[in-house]
Amino acid sequence: MEPVIIVLIILVVLVFIALIKTIQVIPQASAAIVERFGRYTRTLNAGLNIVVPFIDTIRNRIDLREQVVPFPPQPVITQDNLVVNIDTVIYYQVTDARAATYEVASYIQAIEQLTVTTLRNIIGGMDLERTLTSREEINAALRGVLDEATGKWGIRVNRVELKAIEPPTSIQDSMEKQMRADRDKRAAILQAEGVRQSEILRAEGEKQSQILRAEGEAKAAALRAEGEAQAVRTVFEAIHAGDPDQKLLSYQYLQMLPKIAEGDANKLWIVPSEIGDALKGLSGAMGNFGGLGGGGQSGGNGTSGAATERREKPSID
């Protein structure tokens with residue numbers, strides 16, 4: 001009985017192993033390559049799959065999700081013979097599990113080497129300054145070359161990114177000095193522009209202030225002149241409304257003579273001819289001023305044919 005039991009146990013174990021090998025569960029976003037006697041048979045997709053045990057074998061399980069692979073820094077020589085270290089990151093996805101298994105031995109290593117050689121070709125045609133400022137251009141060129149080369153491997157390169165571009169230490173120091181000089185230059189320019197704008201604004205303010213001051217003085221002078229003219233008109237109307245006689249006019253003129261004579265610049269007086277008649281009437285009314293009346297008579301006779309009479313003011317010198 002014991003040999004029979006041992007045989008049954010062996011059969012049960014073999015059946016269990018056969019069931020395990022027959023049923024293959026493939027996770028989502030994965031694929032498996034099946035070979036029969038070493039030859040490709042089919043590709044197992046996600047889900048439950050049945051294979052022939054001990055005849056069909058699983059060659060490779062491939063993740064179909066997008067993968068991210070960083071590559072170590074690679075020394076690259078620019079067009080101006082400077083060595084820079086460039087770190088790259090590749091985003092790729094397997095689209096054909098069979099091609100990725102049989103068309104290339106190791107697609108990760110193949111992508112890395114292709115990236116390095118392509119990067120050296122691209123950077124070799126650029127100088128350092130263009131290399132540092134042309135990341136998008138380099139990424140696009142790398143992606144185009146890699147996508148074309150990896151298409152037959154069943155791989156699609158979605159993105160290529162440059163993580164870092166590190167020039168030599170001496171070049172970094174020179175670049176920092178240049179950047180510092182540029183910043184100082186821009187600061188000096190901005191300061192000069194600020195001073196210039198401030199001076200312009202100050203000059204504009206002074207100009208506007210002078211214009212407003214002149215306009216105010218002109219308006220004040222006009223208002224004063226208008227007031228004086230209105231006062232003269234008021235006095236003139238009052239005089240005419242009072243109907244003054246020649247005696248009153250002569251007396252008012254004599255009161256105004258000192259004011260007319262004020263100032264050293266008044267060398268010449270303009271005396272209306274009617275004043276002679278007024279003085280003549282006033283001398284007649286005041287008999288004790290006979291001498292002044294004679295002067296008025298002579299003045300009246302001397303100006304009967306003329307509109308005005310000129311009298312020289314005695315010089316004070």
Side-chain angles (χ1 to χ4, degrees), residues 13-76 84-124 126 131 134-166:
V13 172
L14 291 175
V15 170
F16 183 74
I17 294 173
L19 289 175
I20 292 177
K21 287 184 173 293
T22 300
I23 300 173
Q24 296 290 333
V25 179
I26 306 300
Q28 183 67 33
S30 297
I33 302 299
V34 179
E35 290 181 350
R36 180 172 294 176
F37 301 114
R39 184 177 181 180
Y40 171 76
T41 302
R42 60 195 174 106
T43 300
L44 301 181
N45 297 320
L48 183 64
N49 296 274
I50 305 297
V51 298
V52 180
F54 307 109
I55 296 176
D56 294 340
T57 59
I58 304 298
R59 165 68 184 275
N60 191 16
R61 294 178 183 269
I62 297 177
D63 193 343
L64 300 179
R65 294 174 297 178
E66 186 174 6
Q67 304 294 319
V68 181
V69 180
F71 295 144
Q74 299 294 328
V76 181
V84 295
N85 293 322
I86 300 179
D87 297 349
T88 55
V89 179
I90 303 296
Y91 297 80
Y92 72 93
Q93 185 176 12
V94 177
T95 58
D96 188 351
R98 178 181 178 277
T101 303
Y102 295 106
E103 295 296 334
V104 62
S106 176
Y107 56 83
I108 297 296
Q109 185 179 2
I111 292 175
E112 180 181 1
Q113 296 302 318
L114 183 60
T115 301
V116 171
T117 55
T118 305
L119 190 62
R120 287 175 177 173
N121 291 333
I122 296 173
I123 301 300
M126 298 180 178
T131 301
S134 303
R135 289 176 177 262
E136 293 296 332
E137 182 181 353
I138 297 172
N139 293 340
L142 274 174
R143 181 182 175 185
V145 174
L146 292 174
D147 200 18
E148 181 181 358
T150 58
K152 62 181 180 179
W153 300 341
I155 298 172
R156 182 177 68 247
V157 177
N158 296 326
R159 296 179 63 185
V160 180
E161 295 292 341
L162 302 181
K163 286 200 305 182
I165 301 177
E166 298 180 359

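What you see is a predicted model; the values in this text were computed from it and never measured.
With contacts defined as side-chain heavy-atom distances shorter than 4.5 Å, the pair T115/F71 qualifies. Counting heavy atoms from C-beta outward, Q109 and V104 have side chains that stay 4.5 Å or more apart. Between V69 and E112 there is no side-chain heavy-atom pair separated by less than 4.5 Å. The shortest side-chain heavy-atom distance between T88 and Q74 does not fall under the 4.5 Å cut-off. Residues P70 and K163 form a side-chain contact, since some pair of their non-hydrogen atoms from C-beta on lies under 4.5 Å apart.
Here the side chain of Q67 pairs a donor or acceptor atom with the backbone of R65 at under 3.5 angstrom. Although no hydrogens or angles enter the test, the distance criterion places a donor-acceptor pair under 3.5 Å between the side chain of R143 and the main chain of N158. Using modelled atom types, one side-chain atom of T118 and one backbone atom of L114 make a donor-acceptor pair closer than 3.5 Å. Side-chain atoms of N49 come within 3.5 Å of backbone atoms of G47 as a donor-acceptor pair (strictly under, hydrogens ignored).
When all heavy atoms of P75 and N85 are compared, the pair lying nearest together is CA-OD1, 3.4 Å. Here the closest heavy-atom approach between residue A100 and residue I62 is recorded as CB-CD1, 4.3 Å.
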Could you walk me through whether I58 and L44 pass side chain to side chain contact (heavy atoms under 4.5 Å, CB included), step by step?
CA-CA 9 Å; I58 304 298; L44 301 181; 3.7 Å; yes

Test side chain to side chain contact (heavy atoms under 4.5 Å, CB included) on L162 and L119; report intermediate values, then the result.
CA-CA 10 Å; L162 302 181; L119 190 62; 4.2 Å; yes

Q113 vs T117, test: side chain to side chain contact (heavy atoms under 4.5 Å, CB included). Steps then yes/no.
CA-CA 6 Å; Q113 296 302 318; T117 55; 5.6 Å; no

Trace of the side chain to side chain contact (heavy atoms under 4.5 Å, CB included) decision for T57 with V34:
CA-CA 6 Å; T57 59; V34 179; over 6 Å; no

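Among L64, T150, T101, the one residue that satisfies the side chain to side chain contact (heavy atoms under 4.5 Å, CB included) test with V94 is L64. The one candidate from R42, R36, K21 that meets the side-chain hydrogen bond (donor to acceptor under 3.5 Å, both in side chains) condition with D56 is R36. Between I90 and the options L146, V68, I155, a side chain to side chain contact (heavy atoms under 4.5 Å, CB included) holds for only L146.
Distance check, rounded to the nearest 0.5 Å: CD1 of I55 to CD of E35 gives 14.5 Å. For the atom pair CD1 of I50 and CG of L19, the computed distance is 9.5 Å after rounding to the nearest 0.5 Å. A distance of 3.5 Å separates CD1 in I123 from CD1 in I138, rounded to the nearest 0.5 Å. Taking CZ from F54 and CG from L14, the interatomic distance works out to 6.5 Å, rounded to the nearest 0.5 Å. In this structure, CZ on R59 lies 12.0 Å from OG1 on T41, to the nearest 0.5 angstrom. Rounding to the nearest 0.5 Å places CD of E103 at 7.0 Å from CZ of R98.
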